[in-house]
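Notes for the one structure printed next.
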Amino acid sequence: MPLTHIRHFRVRFYECDPYGHLNHATYLRFMQEAAFTASAEAGYDLVWYEEVGQQWLIRETEITYRQPVTNGQTVAVRTWVEDFRRVRSRRRYEMSLDGGEVVAEGATEWVYVDSTTFQPVAVPAAMIAAFLPEGQANPGERRPPFPEPPPATIGVFTARRQVQWRDLDPAGHVNNANYVAYMEDAGIDVLAAHDWPMERMTAAGFGLVAREFRVEYVRPALLHDELAIATWISDARRATAVRHYTIHRTADDALLARGRGLWVWVDLATGRPIRIPEAFREAFAGLAV
């Protein structure tokens with residue numbers, strides 16, 4: 001059995017969105033914090049990593065949201081290492097309420113790097129043994145690559161923003177959860193550009209919530225970088241659609257991150273999925289790949 005760690009987070013008012021739900025990006029912050037304390041419990045805290053000049057960076061993250069969480073509730077994040085590959089490790093997460101009901105599930109692909117060069121280095125054998133005390137017979141199946149999106153040929157919307165000091169974490173890079181916030185903001189901007197701002201949707205009694213998010217981190221975004229966040233939709237169904245995202249640095253057009261989100265239309269009164277309203281569908285007619 002892998003070393004399993006549980007950390008509890010009480011949801012605070014400012015972590016919730018205008019729907020009163022825990023913000024999508026904050027789940028990722030809970031996952032990261034739980035990973036840090038799990039590592040410390042195994043004998044590898046942040047001070048240890050600083051002393052040896054090595055650290056873990058997230059290469060990819062994915063999450064499935066099962067149900068909303070609201071202010072004052074306590075989320076228990078259970079986490080464990082699934083496997084190791086020479087310079088990588090996959091960590092799993094299960095988030096539940098005090099009563100045991102699962103509210104989200106996630107996974108992160110971590111890469112072990114030198115803190116100065118950010119080049120990958122081999123994971124120490126002692127560390128592997130600490131997280132997998134019964135050993136690792138096989139490293140597991142090779143992970144599938146990040147899904148290639150359909151070509152961004154129609155309906156592409158691009159938002160621009162500059163990286164602010166508040167977006168960075170102690171590594172000096174934009175924190176992984178903030179990429180989800182950037183993507184979500186771009187999606188809100190494109191709604192407003194097609195005459196469906198959040199205020200209009202709320203007045204009409206429906207909203208959009210994420211069911212799944214998957215993000216691949218390619219290069220770090222740094223302070224003052226200007227970002228171009230492109231987004232387009234595909235696979236529009238009765239009550240759902242997939243929104244794709246890319247984040248490029250405008251100075252050299254370098255790809256920094258890619259994302260894929262499954263969004264669901266819901267009745268704000270009941271929280272249940274609904275058919276995409278006809279007026280909304282007409283506003284985006286012909287824009288889905």
Side-chain angles (χ1 to χ4, degrees), residues 24-25 28 58-65 107 109 142-163 167 174 176-201 204 206-222 225-266 273-289:
H24 294 119
L28 272 63
I58 295 177
R59 171 65 176 179
E60 191 173 319
T61 190
E62 57 187 277
I63 184 169
T64 299
Y65 305 95
E109 184 82 7
R142 182 174 295 278
R143 254 76 79 184
F146 189 86
E148 287 295 328
T153 54
I154 58 174
V156 180
F157 177 90
T158 302
R160 292 179 182 270
R161 67 173 300 147
Q162 188 178 64
V163 174
D167 299 330
V174 170
N176 76 94
N178 282 336
Y179 290 85
V180 169
Y182 291 168
M183 293 172 185
E184 187 172 34
D185 285 347
I188 292 172
D189 289 346
V190 71
L191 293 176
H194 288 273
D195 202 29
W196 272 101
M198 300 300 285
E199 297 89 341
R200 182 182 177 187
M201 285 198 297
F206 71 89
L208 275 164
V209 297
R211 172 68 171 174
E212 299 172 0
F213 247 113
R214 186 170 175 180
V215 182
E216 179 187 41
Y217 306 94
V218 181
R219 296 179 181 84
L222 307 175
D225 279 350
E226 185 182 58
L227 309 179
I229 306 157
T231 180
W232 65 102
I233 55 176
S234 72
D235 302 287
R237 308 294 185 184
R238 178 178 180 274
T240 65
V242 174
R243 183 166 284 283
H244 306 274
Y245 311 84
T246 60
I247 300 180
H248 287 79
R249 184 170 51 226
T250 60
D252 57 2
D253 199 36
L255 176 66
L256 306 185
R258 299 193 294 172
R260 183 183 190 278
L262 176 63
W263 291 88
V264 183
W265 278 254
V266 298
I274 60 170
R275 184 185 296 273
I276 300 174
E278 191 59 33
F280 187 100
R281 190 182 289 275
E282 289 176 358
F284 288 87
L287 297 181
V289 178

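Remember, it's a predicted structure, so these values are computed and weren't measured experimentally.
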With a 4.5 Å cut-off on side-chain heavy atoms, are Asn176 and Val215 touching?
no
Under the salt bridge (Lys or Arg N to Asp or Glu O under 4.0 Å) test, which residues partner Asp252, sequence neighbours left out?
Arg249
Is it true that Arg258 and Glu148 have a side-chain N and a carboxylate O under 4.0 angstrom from each other?
yes
Where do Ala159 and Ala186 come nearest, in terms of heavy atoms and distance?
CB-CB, 4.2 Å
From Asp189, Thr250, Leu227, residue fulfilling side chain to side chain contact (heavy atoms under 4.5 Å, CB included) relative to Arg160
Thr250
Closest non-hydrogen atom pair, Ala221 against Val163:
CB-CG2, 4.2 Å
Over all atoms of both residues, closest heavy-atom pair of Pro144 and Arg214:
O-NH2, 3.5 Å
Output every pair passing salt bridge (charged side-chain N to carboxylate O under 4.0 Å, His left out) with a member in residues 279-289, not counting sequence neighbours, ordered by first then second residue.
none
For Leu256 against Pro220, the heavy-atom pair lying closest together:
CD2-O, 4.0 Å
Compare all side-chain heavy atoms of Arg237 with those of Trp265 and state whether any distance is below 4.5 angstrom.
no
Point-to-point distance, once rounded to the nearest 0.5 Å, from CD1 of Ile247 to CD1 of Ile229:
5.0 Å
Can you list the steps and then say if Glu184 with Trp263 is a side-chain contact (heavy atoms from CB on, under 4.5 Å)?
CA-CA 11 Å; Glu184 187 172 34; Trp263 291 88; 3.8 Å; yes
Criterion ring pair (Phe, Tyr, Trp, His ring centres under 6.0 Å) on Phe284 and Trp196, from CA distance to verdict
CA-CA 10 Å; Phe284 288 87; Trp196 272 101; 8.6 Å; no
Identify which one of Ile276, Val264, Asp235 satisfies the side chain to side chain contact (heavy atoms under 4.5 Å, CB included) criterion when paired with Thr240.
Val264
Do Leu208 and Met198 have side-chain heavy atoms sitting under 4.5 Å apart?
no
Give the intermediate values and the outcome of side-chain contact (heavy atoms from CB on, under 4.5 Å) for residues Tyr217 and Val174.
CA-CA 11 Å; Tyr217 306 94; Val174 170; over 6 Å; no
Decide yes or no for Val242 and Leu262: does some side-chain heavy atom of the first lie under 4.5 Å from some side-chain heavy atom of the second?
yes
To check you understand the geometry: which heavy-atom pair defines the closest contact between His248 and Asp253, and what is its length?
CD2-O, 3.1 Å
Taking atom CD of Glu216 and atom CD of Glu60, what is their separation to the nearest 0.5 Å?
5.5 Å
Side-chain heavy atoms of Phe157 within contact of Ile233, under 4.5 Å
no
To check you understand the geometry: which heavy-atom pair defines the closest contact between Tyr65 and Glu212, and what is its length?
CD1-N, 4.2 Å
I'd like to check Leu191 versus Phe280 (side-chain heavy atoms, cut-off strictly below 4.5 Å). Are they in contact?
yes
Can you tell if the side chain of Phe213 reaches within under 4.5 Å of the side chain of Tyr179, non-hydrogen atoms only?
no
Would you call His244 and Pro150 a side-chain contact if the rule is heavy atoms closer than 4.5 Å?
yes
Out of curiosity, Met183 CE to Thr246 OG1, how far, rounded to the nearest 0.5 Å?
8.0 Å
